[in-house]
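For reference, the structure is listed below as structure tokens.
Protein chains get the first letters and strands the later ones, always in sequence-line order, with residue 1 at the start of each. Keep in mind the model is a prediction, meaning the values are calculated, not measured.
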Amino acid sequence: MRYAAVAASALLLAGCNGGTVDRHALTNDAATIDSLACEGALLAHDASKGASTTTFVRVHSDALRAQASHLADALAERPTSPGLERRVRRASKDAKAVADVLSRLHHHAGDREVAARAERALDRAGQCP
Amino acid sequence: VSKVFGLALGILAAIGGFVDIGDLVFNVAAGATFGYQLLWVVVVGVVGIVVYSEMCGRVAAVSGKAVFDAVRERVGFRAGLVTLVASEVVNLMTLAAEVGGIAICLQLLSGLPYRWLIVLAILGLAVVVWIVAFEWIERVFGYGGLCLLVFAVAAVKLGPDWGKVGNGFVPHLAQNDKLLYAYFAIGLLGAAMTPYEVYFYSSGGVEERWTPKDIGLNRANAIIGYGLGGFLSFALMITGGALFLGQGIEPEHLGTIALGAEVPLGQIGLLLALVGILFAVGGAAIDTVFAGAYNLAQFCGWEWGR
């Protein structure tokens, strides 16, 4: 019983940390970073045109920022499969860059110029269509 | 006139019951992942819930018994108790999700801290359930939830490929990502056929004192009410497919769903979407509370009612 509890805890902790980043996980995480960037770009676009509300831009950009930031932290710390470390750490930096832009949008939600700059930066980061 | 008001029961069940937090998130996510390919699953789900609800409503009209009255009577105490416990656990989990949805929606509207809004949402629900007359709950949440129709306008304005939308209604299997496709198909069926909708619907029939003469009203309620819910599900999935699929966006936040109305319709689209989500999720939370209490009271033979 005790061993089962220890094994379950270990599995849980490994799950919380996300485990080792392999090629498949890296592809998924990179897609998530692009997704966050492109969604942020859509939000910033509407903010720059005055087509959103300041509150919505502030709250939603913060939710996206938090997710990008967690991803950046996880990708910076998690062990990686052999040969992938450099790409994983670069993905972490990409996620951090996206989180930084979303943070600016969050703090200047009513500023259309900041929003326009954020849109361009996020578009580039996510290579949005 | 009374029949028209009677139909409001179906509309509340549709908006507050059919379109809840699970439907909102799952339909948009399915659209963003597979485009319009899973529209046929929503049709299957709607037919399922219409058949099940109509059947339970008919039992209520003919026998005057709601679901858990009949369960206890037909399958006995032990098997009935297992069903009751399972139902209440599912109800509680659903309620937690709906309360979280209300708090997020209020946060997107007000900018206030999320944790405080959870407390406010719980208190608000308690006050509404305890104080407000059921007729008003029915009207306010039922018709407030109709703001979700903004997603139908958004879906049209986004200019989807209508040929592909039409193809989505033809049942088919995915060419790739079969497991993910199956996951979404099962999830969409589960979201369309959540149990509390039927408990609430059937109990409502007993409370309205349906008789065999009301079987036609019951059928109209089930078909129109859940049909409207299904129509909104189509709109949500089409919005997800038309806006998010091409951009590679994976919707993981309630705000992303509102963004689906904001991008094509601007501020007014955003506000209608948030208000609609608030009322739909609030209505679903109230349905869940009532359904949980009714189930327990019916099973134990206690007095129950609004």
Side-chain angles (χ1 to χ4, degrees), chain A residues 24-25 27-71 94-95 98-99 102 105-110 112 115 118-119 122-129, chain B residues 25 28-29 31-33 100-101 103-117 150 154 157-158 177 179-180 239-278:
Chain A
H24 179 68
T27 306
N28 283 344
D29 288 346
T32 303
I33 296 165
D34 288 348
S35 160
L36 291 167
C38 291
E39 187 174 343
L42 272 185
L43 182 67
H45 173 80
D46 282 357
S48 71
K49 303 286 177 202
S52 189
T53 65
T54 306
T55 305
F56 181 75
V57 174
R58 186 157 48 85
V59 174
H60 192 46
S61 60
D62 196 41
L64 298 175
R65 179 208 57 78
Q67 195 182 345
S69 187
H70 291 150
L71 201 52
D94 291 345
V98 169
L102 287 165
L105 187 60
H106 165 69
H107 286 107
H108 302 278
R112 292 191 186 191
E119 182 194 356
L122 290 166
D123 255 336
R124 274 198 307 276
Q127 298 174 331
C128 312
Chain B
V25 174
V28 176
T33 311
I104 293 172
C105 208
L106 287 172
Q107 189 189 28
L108 290 168
L109 281 164
S110 70
L112 294 170
Y114 174 69
R115 286 187 175 84
W116 284 109
L117 290 170
V150 72
K157 193 113 192 276
L158 285 165
D177 283 334
L179 275 178
L180 189 62
T239 301
L243 181 60
F244 299 131
L245 179 64
Q247 303 259 355
I249 293 173
E250 306 156 355
E252 292 185 16
H253 302 270
L254 200 57
T256 312
I257 297 164
L259 198 60
E262 181 195 275
V263 170
L265 299 169
Q267 263 191 24
I268 187 72
L270 171 69
L271 292 173
L272 283 172
L274 288 175
V275 170
I277 292 171
L278 182 64

*Output yes when a side-chain donor or acceptor of A:Ser69 lies under 3.5 Å from a complementary backbone atom of A:Ala99, and no otherwise.*
no
*Looking only at atom types and distance, does a side-chain atom of A:His70 sit under 3.5 Å from a main-chain N or O of A:Ala66, one as donor and one as acceptor?*
yes
Between [X] and chain B, which part of the residue has a heavy atom less than 4.5 Å away: side chain, backbone, both or neither?
X       : result
A:Thr32 : both
A:Cys38 : both
A:Ala31 : both

*So which of A:Leu42, A:Asp34, A:Val57, A:Leu43 has the biggest tally of heavy-atom pairs under 4.5 Å with chain B?*
A:Leu42
*Between A:Thr54, A:Thr53, A:Asp46, which shows the greatest number of heavy-atom pairs under 4.5 Å with chain B?*
A:Asp46
_Measuring only between side-chain heavy atoms, which start at C-beta, is B:Leu106 closer than 4.5 Å to B:Leu112?_
no
*Taking side chain as C-beta onward, heavy atoms only, is B:Thr239 less than 4.5 Å from B:Val28?*
no
*asked:* Could you check whether A:Glu39 and B:His253, counting side-chain N and O atoms only, form a donor-acceptor pair closer than 3.5 Å?
replied: no
*Kindly give the heavy-atom pair with the smallest separation between A:Ser48 and A:Ala115, and that separation in Å.*
N-CB, 3.7 Å
*Which atom pair, heavy atoms only, marks the closest approach of B:Gly260 to B:Leu158?*
O-CD1, 4.3 Å
*asked:* Heavy-atom pairs under 4.5 Å with chain A - which of B:Gln107, B:Gln247, B:Gln267 has more of them than the others?
replied: B:Gln267
_When B:Leu265, B:Thr256, B:Leu259 are compared by non-hydrogen pairs under 4.5 Å with chain A, the top option_ = B:Thr256
Select one option (side chain, backbone, both, neither) describing which atoms of [X] are under 4.5 Å from chain A's heavy atoms.
X        : value
B:Tyr114 : neither
B:Leu109 : backbone
B:Leu271 : side chain
B:Leu270 : side chain

*Candidates A:Ile33, A:Val98, A:Asp94 - the one meeting side-chain contact (heavy atoms from CB on, under 4.5 Å) with A:Leu71*: A:Ile33
